[in-house]
Colleague: 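So that we are looking at the same thing, I have put the structure below in structure tokens.
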Amino acid sequence: MINVLFSAKDTNWDEYSPALRKAFTKAGLDCDLSRDHSPETTDYIIYAPSSALQDFTPYKRCKAVLSLWAGVEKIVSNKTLTQPLCRMVDPGLTQGMVEWVTGHTLRYHLGIDANLAAQDGSWVQNVPPLASERPVTVLGLGQLGQACAATLASLGFNVTGWSRRPKSIPVITCEHGPDGLTQALNSAEILITLLPNTPATESTMNAETLAQLPKGARIINPGRGTLIDDTALLNALNTGHIAHATLDVFRQEPLPADNPYWTHPNVTVTPHIAADTRASTAAQVIAENIHRAESNQPLHHLVDRSAGY
Ligand code: NAP
């Protein structure tokens, strides 16, 4: 029997426990899934940082901690967590992000806001350009950035991507490292930020890098609030250098009611809803990883603690 501790918010239990049990059975795993396993008997921990468990020291038998979240910035800094840590890569979450990013990109590309604002009898024809005439840049070419970039490219957008290490991806112009960032920003009429929150990505978009975007660029940030220097973005929005921003994530969440983003005419705030882990698909990913560990195969989606993601 494999003892799997579920350590997340109580409200997650009702949704995840049936999906996990089903996935364990399908994977041929004999698991006892519980919220109450003692540290001495726990083999795996399914984990969200919002749970009460913060000290992993007593979990000496635990073979892996399996995060329910894609972003692991709240877990990597926990010094008591010495067990292998896997982040969530969930096809359902990825699909959600692709749909959210594509929708907001098309909103900008087609000028949908201008049409909605012009229902006044005026007949002004501004035909949008084709996607191939619209340069879009995606910062971050990981699971989510690559999926979004590929979908936008399949719609015909002229897509550039930027990552830490060099990459070669068909139909996407790939840039990397500090030097590649300027190149990636120079042409970006629509910028999508899908980097993780690490010390190295703090304020990737600041006064200097915002100035490298063409005048009138739009920004879509479903990555993390820390990727953007808020004061610099508000300044760039106020001067019109940045025409509009759609922000899903913030340095403080929920975004306080008096935050200027709420009332800025050129900002759309969404409440961290771009993509959520979906229990049915995530359960299969977790079961697959436990199966791998039990059969001495390398774990999928291991976090690189030194890089922080
Ligand atoms: P991932 O697979 O770990 O990919 C991260 C990407 O960022 C990689 O391409 C990586 O480069 C690049 N990167 C990291 N540090 C960098 C640096 N210093 N300079 C340049 N590039 C750097 O992550 P993911 O699964 O795509 O997720 C990305 C982020 O989305 C998560 O960390 C999370 O913050 C956010 N997210 C948001 C929501 C939401 O609902 N809003 C939902 C899920 C996730 P390499 O390829 O070279 O490693």
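Computed from heavy atoms alone, side chains included, the values below leave out hydrogens, waters and symmetry copies. Numbering of ligands and ligand atoms starts at 1, following listing order.
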Colleague: Give a yes or no on whether the backbone of Ile190 and the side-chain of Arg218 come within a donor-acceptor separation of less than 3.5 Å.
Modeller: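 Not a single qualifying donor-acceptor pair exists.
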
Colleague: For ligand 1, find each of its N or O atoms that sits under 3.5 Å from a protein N or O atom, and tabulate the pairs with distances to one decimal place.
Modeller:
residue	atom	partner	partner atom	Å
ligand 1	2 (O)	Arg87	NH2	2.7
ligand 1	2 (O)	Gln143	N	2.9
ligand 1	3 (O)	Arg87	NH2	3.4
ligand 1	9 (O)	Leu141	N	2.8
ligand 1	9 (O)	Leu141	O	3.4
ligand 1	9 (O)	Gly142	N	3.0
ligand 1	11 (O)	Arg164	N	3.2
ligand 1	21 (N)	Arg164	N	3.0
ligand 1	25 (O)	Arg87	NH1	3.1
ligand 1	25 (O)	Arg87	NH2	3.0
ligand 1	26 (O)	Gln143	N	3.3
ligand 1	26 (O)	Leu144	N	2.8
ligand 1	34 (O)	Gly223	O	3.4
ligand 1	34 (O)	Arg224	NE	3.3
ligand 1	34 (O)	Arg224	NH1	3.3
ligand 1	40 (O)	Ala275	N	3.0
ligand 1	40 (O)	Ala275	O	2.9
ligand 1	41 (N)	Pro222	O	2.8
ligand 1	41 (N)	Asp248	OD2	2.9
ligand 1	46 (O)	Lys167	NZ	2.6
ligand 1	47 (O)	Arg164	N	3.3
ligand 1	47 (O)	Arg165	N	2.7
ligand 1	47 (O)	Arg165	NE	3.2
ligand 1	48 (O)	Arg165	NE	3.4
ligand 1	48 (O)	Arg165	NH2	2.5
ligand 1	48 (O)	Tyr309	OH	2.5

Colleague: Do Tyr47 and Phe56 have their ring centres less than 6.0 Å from each other?
Modeller: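 Tyr47 vs Phe56: aromatic centres under 6.0 Å.
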
Colleague: Using a 3.5 Å distance criterion without hydrogens, assess whether the side chain of Gln54 forms a donor-acceptor pair with backbone atoms of Pro49.
Modeller: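 Here the side-chain-to-backbone pair exists.
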
Colleague: Would you list the pairs meeting side-chain hydrogen bond (donor to acceptor under 3.5 Å, both in side chains) in which at least one residue belongs to residues 172-186, sequence neighbours left out?
Modeller: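 For residues 172-186, and leaving out neighbouring residues, there are no side-chain hydrogen bond (donor to acceptor under 3.5 Å, both in side chains) pairs at all.
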
Colleague: Check whether the side chains of His264 and Asn238 place a donor and an acceptor atom closer than 3.5 Å, and report yes or no.
Modeller: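 Yes, side-chain donor-acceptor contact under 3.5 Å.
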
Colleague: For Glu133, is the CD atom crowded, meaning more than 12 foreign heavy atoms sit under 6.0 Å from it?
Modeller: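 More than 12 heavy atoms, drawn from other residues, nucleotides or ligands, come within 6.0 Å of this atom.
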
